[in-house]
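A short write-up of the structure that comes next.
Proteins get letters first, then strands, A, B, ... in listed order; numbering begins at 1 in each.
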Number of protein chains: 2
Amino acid sequence: MSMNNSQISDETVIRLLRKKRLKATPQRIAICRFVLDSREHPTAQNIYIKVKEMHPTVSLATVYKTLNILKELGLIKELTFPQGETRFESNREPHINLVCQRCGKIWDVDDLAVRSIIARAVTKVKFNAMSERFDIYGVCERCSKRKAL
Amino acid sequence: MSMNNSQISDETVIRLLRKKRLKATPQRIAICRFVLDSREHPTAQNIYIKVKEMHPTVSLATVYKTLNILKELGLIKELTFPQGETRFESNREPHINLVCQRCGKIWDVDDLAVRSIIARAVTKVKFNAMSERFDIYGVCERCSKRKAL
DNA sequence: GTAGTTGCAAAACTTTTGCACGGCA
DNA sequence: TGCCGTGCAAAAGTTTTGCAACTAC
């Protein structure tokens with residue numbers, strides 16, 4: 001399953017960076033493109049290994065620095081989990097993450113009711129909501145069919 | 001705001017531990033009581049400092065070991081956040097966490113619709129759900145009224 | 001030209017683990 | 001008494017930071 005469908009062009013990324021007065025270096029463009037294109041919720045390591053294929057000198061520090069920029073710009077969300085497997089997603093719409101605790105895959109599920117629940121909750125206690133995270137943890141169908149460990 | 005309202009007695013905790021053939025040491029009892037009673041979503045450090053008041057020799061390692069036991073027993077949930085501030089909560093019912101990104105406080109909000117959204121999502125993609133997490137990030141009313149930093 | 005960025009190494013933190021001692025059952 | 005649990009220190013793992021060299025603009 002290829003992830004880089006080039007839905008986001010170099011030009012788009014360059015425009016985003018320039019708008020924030022950030023330099024459009026090849027490393028940054030590659031990191032941004034990969035994570036913004038991906039629907040796989042990659043880890044920093046995943047991104048590092050993938051970007052290294054085209055830019056062998058890139059460092060993990062640069063990956064983290066670029067991911068932090070994208071977080072500040074609100075273009076990606078950081079999903080932390082127990083056992084230190086932080087993952088990054090570019091889907092900014094309110095949605096549900098189905099997280100398989102056996103294979104680690106994450107599926108996005110849309111449900112319009114998520115928005116109305118958020119609206120109800122923040123009204124109840126007067127809260128300025130800025131983002132959200134809705135995870136469901138369990139075992140996916142494929143893993144359920146496999147023999148237990 | 002006192003947190004130890006003794007809603008959970010030593011006897012209850014001892015019974016829980018013995019049922020799992022775990023020894024009911026004073027440290028474990030204190031750690032379990034504190035985190036199971038708390039509605040403040042404490043960090044491991046918070047728990048360590050508080051338990052140290054009554055058990056000065058307790059170590060952070062013991063706190064982590066005990067928290068891991070409680071997690072395995074399904075009695076608490078671990079909430080990880082960016083910047084490494086993992087927090088623990090004893091509210092096992094599906095609910096929403098309103099997380100203030102300025103003061104760090106977390107409020108629980110109940111909404112029965114959370115359950116139906118979960119049911120709908122797991123049916124759509126055939127998923128064995130075991131637990132969930134629904135966070136809303138933003139700024140609480142009190143912090144909104146304060147001057148910006 | 002120069003201000004911002006990279007890549008390396010080291011630091012900072014959180015959480016886990018190994019092991020000898022000590023205490024619960 | 002025997003075995004499990006504790007507490008210390010060290011390890012492991014992830015993310016951040018300082019800095020000299022480099023590069024996009």
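- To the nearest angstrom, P of C:dC24 lies 14 Å from CG of B:D10.
- If you check every strand for non-hydrogen atoms under 4.0 Å, A:P82 touches nothing.
- If you take NZ of B:K23 and P of C:dG22, they are 15 Å apart, rounded to a whole angstrom.
- Distances shown here put a side-chain N or O of A:T62 below 4.0 Å from the OP1 or OP2 atom of C:dG7.
- Contact annotation: B:R18 side-chain N/O to C:dA25 OP1/OP2 distance is under 4.0 Å.
- Between C:dT6 and A:T25, a contact under 4.0 Å exists linking OP1 or OP2 to a side-chain N or O.
- Across all strands shown, A:R21 has no heavy atoms under 4.0 Å from either base or sugar-phosphate atoms.
- Regarding B:L17, its CG atom lies at a distance of 9 Å from the P atom of D:dG5, rounded to whole Å.
- In this structure, CD of A:Q83 is placed 13 Å from P of D:dT15, rounded to the nearest angstrom.
- For the pair B:A24 and B:E78, both in contact range of DNA chain C, the more 5′-proximal nearest nucleotide belongs to B:E78.
- Residue A:K65 places no side-chain atom within donor-acceptor reach of the base of C:dG4, judged by atom type and a 3.5 Å distance cut-off alone.
- Put simply, CG on B:L60 is 16 Å from C1' on D:dG5, counting in whole angstrom units.
- The closest donor-acceptor contact from the side chain of B:R92 to the backbone of B:G74 lies under 3.5 Å.
- Remark: A:N68 is not in phosphate contact with D:dT15, judged by side-chain N or O atoms under 4.0 Å from OP1 or OP2.
- Relative to the side chain of B:P26, the nucleotides C:dT15, C:dG7, C:dC24 differ in distance, and C:dC24 lies closest.
- Ranking C:dT15, D:dT15, D:dA9 by closeness to the B:A61 side chain, first place goes to D:dA9.
- Rounded to whole Å, atom P of C:dT5 lies 15 Å from atom CG of A:L67.
- Salt-bridge annotation for B:R115 and B:E132: absent, with no side-chain N of the basic residue lying under 4.0 Å from a carboxylate O of the acidic one.
- We find that B:E141 and B:K145 are joined by a salt bridge, their nearest charged nitrogen and carboxylate oxygen being less than 4.0 Å apart.
- In terms of phosphate contacts, A:R28 brings no side-chain nitrogen or oxygen within less than 4.0 Å of OP1 or OP2 of C:dG4.
- Summary of the strand contacts: A:F88 and A:L22 both lie near DNA chain D, and taking for each the nucleotide with the nearest heavy atom, the more 5' one is attributed to A:F88.
- Both A:T66 and B:I14 lie near DNA chain C, and the one whose nearest nucleotide falls closer to the 5' end is A:T66.
- Among the protein residues, A:Q27 comes within range of the sugar-phosphate backbone only, with heavy atoms under 4.0 Å from sugar or phosphate atoms but none that close to a base.
- Residue B:T86 places at least one side-chain N or O under 4.0 Å from the OP1 or OP2 atom of C:dT15.
- Counting non-hydrogen atoms of other residues, nucleotides and ligands closer than 6.0 Å to CZ of A:R142 gives a total of 12 or fewer.
- With hydrogens and angles ignored, the 3.5 Å screen pairs no side-chain donor or acceptor of A:K23 with any backbone N or O of A:R28.
- In this structure, the CD atom of A:E85 is 12 Å from the C1' atom of D:dT14, given to the nearest Å.
- At distances below 3.5 Å, not a single donor-acceptor pair connects side-chain atoms of B:H55 with backbone N or O atoms of B:E53.
- As rounded to whole Å, 7 Å separates atom P of D:dG5 from atom CD1 of B:I69.
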